[in-house]
Visitor: 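One structure is given below, represented as structure tokens, and several questions about it will come after.
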There are 2 protein chains.
Amino acid sequence: MGDGMSQTVDRALTILASLGEGPASLEQAAGRIGVHKSTALRLLRTLEEHGFVHRQSDHRYRLGGRLFSLAQQALEGIDVRQVSAPYLASLNERYGHTVHLAVLEGAEVLYLDKVEARYPCSDSWLGPASRIGKRAPAAATAAGRVLLADLSEDQLAAALENQEFPARTPRSLRSADELRTELTAVRRQGWALDQGEYEEAVNCVAAPIQGIDGTAIAACAISAPARVASVSELSRLLPELLCTVEAVSLAYGGSPTPRWCENRCGAKHAVRASHT
Amino acid sequence: MGDGMSQTVDRALTILASLGEGPASLEQAAGRIGVHKSTALRLLRTLEEHGFVHRQSDHRYRLGGRLFSLAQQALEGIDVRQVSAPYLASLNERYGHTVHLAVLEGAEVLYLDKVEARYPCSDSWLGPASRIGKRAPAAATAAGRVLLADLSEDQLAAALENQEFPARTPRSLRSADELRTELTAVRRQGWALDQGEYEEAVNCVAAPIQGIDGTAIAACAISAPARVASVSELSRLLPELLCTVEAVSLAYGGSPTPRWCENRCGAKHAVRASHT
DNA sequence: ACCGTGCGTTGCACGGGCTGCAATGGCCAA
DNA sequence: TTGGCCATTGCAGCCCGTGCAACGCACGGT
């Protein structure tokens, strides 16, 4: 396959991923990745030994508990998540909208945390169907663009390599050039806006959280269905959002303002840190 | 090492697990599992290709986003979790104690869901440090014994093979025989009690949720620090707990009462299902 | 009871892929 | 520039992963 990678491990991980779509018998699992039964058996046994898959009583394999514990362990290791949690909750309490915490991973954003809207919301993106761990193309989301805006030109070029710009909605950016233009604006203003570019009926504002060296390590985003909050209504929350990310940045030991932006609020941040 | 399993995959998974303890450079990662750097490089590249590890800008490896998405996907696939969530929340709301949902995996219980106590609780087992995905020896917990009680003698013997019975606390069961005696009692009464056997200062009551074929597919447990609720106080919640698991079993399409128990409450179940 | 079928499991010979050594390249600091 | 450190690459040897085939077992139909 690709050069410099292990075929065996590749197959094992493929089989693991395939189990994410539901439990499977040995033969099904082997079929899904196109190897012989005995091969799949050995891979599955190894995965089972490590607890990544578990064999239920009907001899079918399903994802195992080790996956959960590792994922949790990894989440706990991300301290920006701990630090920002009470701030996200505070933002949510005040306006009721969905609040996300996201980081950049390659050309995708990875949602590390989420506080669900305080109003019923069946949208696939904001509702309970959207979960921690979900990913989305960075260029198509406000949080993603805030994080992309912090990359150097080299890093950006590397991240965008081979990236598509699909027209998810009529407003989606369609090329790297359009994106770069947008990123320039994001850098200038210190925040990003998503007017139904990823999901037609969902608007979103996002701002970066600064790490200890001044780089953006995460983004905080407020999202709402268009029928609940228009873009201009969301924009009205910007000062509060900017204050929040500033506070998180300080709490995290980072610099309060992005390297590429000056005009920020300097208000005091009263956050009820209700964590244990 | 062990027979019938893949060395390469074994190493890859070991390296993955080791990353759970924190990011590592290539050399560190290789050192942790005792292989040559070039070997570790190939394994890590493969893991990276699949998104299970991610390379941060300083070239160090950390656990990747795929782990989160897979874990979430797996959790969503477990429908008993969805079904029981509102019931757990209801139990928690009424008494304020920590409520767990657990399944059996080999000789361990795996905690699938958790509603945290409504009072401050710094205990390592009940507090925020205990997370979804955590595991514990089945024999040492109320939830585990409820699930073990449902196994056939063959299954039980298989699960207990090579299991230790460490004296975690003075009250811990110390042998398979003691466990079997206890399981007989559990079967008779339809629930299990943990009087500080796993954690000295934590008591716990648990009852089984019945699947469609009458087997116990999960357990619901109420836990509280001893200084908040004594064993007798927790026991007073038993009728409510039994009603709850009965309701969940019905909602899940299972039989309301365990195969090995008759005297159950037959009260009506008013559960505010506040799910979306 | 018998056999057919389907599936999980095992044994084994072949060769492909994994392994680790050694060398190269890039980066930073002295 | 030099030296050290670390990631990365090339390569020869050979281990170990692979798939074929055979076996055991449970189930169900006749």
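Here is how names work: the chains are called A, B, and so on, in the same order as the sequence lines, proteins then strands, and each is numbered from 1.
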Visitor: Just call it for A:T8: base, sugar-phosphate, or nothing, with non-hydrogen atoms closer than 4.0 Å on any strand.
Guide: sugar-phosphate
Visitor: In whole Å, what is the span from the CG atom of B:L43 to the C1' atom of D:dA7?
Guide: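 Atom CG in B:L43 sits about 15 Å away from atom C1' in D:dA7.
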Visitor: Could you give the CD-to-C1' distance, from A:Q7 to C:dG16, as a whole number of Å?
Guide: 8 Å
Visitor: May I ask you to say what A:R60 touches in the nucleic acid, namely base, sugar-phosphate or nothing, with a heavy-atom cut-off under 4.0 Å?
Guide: nothing
Visitor: Among residues at least two apart in sequence or on other chains, which ones pass side-chain hydrogen bond (donor to acceptor under 3.5 Å, both in side chains) with B:E27?
Guide: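 Not a single residue meets the side-chain hydrogen bond (donor to acceptor under 3.5 Å, both in side chains) criterion with B:E27.
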Visitor: Which one of A:R187, A:R145, A:R174 satisfies the salt bridge (charged side-chain N to carboxylate O under 4.0 Å, His left out) criterion with A:E182?
Guide: A:R145
Visitor: Does C:dG20 have OP1 or OP2 sitting under 4.0 Å from an N or O in the side chain of B:S38?
Guide: no
Visitor: Judged by each residue's nearest nucleotide on DNA chain C, which is more toward the 5′ side, A:S6 or A:H59?
Guide: A:H59
Visitor: Atom CD1 of B:I33 to atom P of C:dC18: distance rounded to whole Å?
Guide: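 Rounded to whole Å, this separation is 14 Å.
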Visitor: Report the distance from atom CG of B:L41 to atom P of C:dG25, rounded to the nearest whole Å.
Guide: 17 Å
Visitor: Give the rounded distance in Å between these two atoms: CG of A:L44 and P of C:dG8.
Guide: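 Interatomic distance, CG of A:L44 to P of C:dG8: 10 Å.
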Visitor: Minimum heavy-atom separation for B:F165 and B:A139, please, with both atom names.
Guide: CE2-CB, 3.9 Å
Visitor: Both A:V9 and A:H36 contact DNA chain C. Which one's nearest nucleotide lies toward the 5' end?
Guide: A:H36
Visitor: Tabulate atom names and distances for all N/O pairs under 3.5 angstrom spanning the protein and nucleotides 5-7 of chain C.
Guide:
| residue | atom | partner | partner atom | Å |
| --- | --- | --- | --- | --- |
| C:dC7 | OP2 | A:E27 | OE1 | 2.9 |
| C:dC7 | O5' | A:E27 | OE1 | 3.4 |

Visitor: How many whole angstroms separate atom CZ of B:R45 from atom P of C:dC18?
Guide: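 My rounded result for the distance is 12 Å.
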Visitor: Are B:R11 and D:dC16 close enough that a side-chain N or O sits under 4.0 Å from OP1 or OP2?
Guide: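 No.
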Visitor: Checking the side chain of A:Q73 only, and the main-chain atoms of B:G20 only, is there a donor and an acceptor separated by less than 3.5 Å?
Guide: yes
Visitor: Counting neighbours of CD on A:E49 that are heavy atoms of other residues, nucleotides or ligands and sit closer than 6.0 Å, is the number greater than 12?
Guide: no
Visitor: Is any side-chain nitrogen or oxygen of A:R55 closer than 4.0 Å to OP1 or OP2 of C:dT9?
Guide: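 Yes, A:R55 has a side-chain N/O under 4.0 Å of OP1/OP2 on C:dT9.
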Visitor: How many Å lie between CE on B:M5 and P on C:dC18, as a whole number?
Guide: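 Distance, rounded to whole Å: 16 Å.
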Visitor: Could you tell me whether the side chain of A:S84 and the main chain of A:Y87 form a donor-acceptor pair under 3.5 Å?
Guide: no
Visitor: Quick check: do B:L47 and B:R66 have side-chain heavy atoms less than 4.5 Å from each other?
Guide: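 No; the side chains remain at least 4.5 Å from each other.
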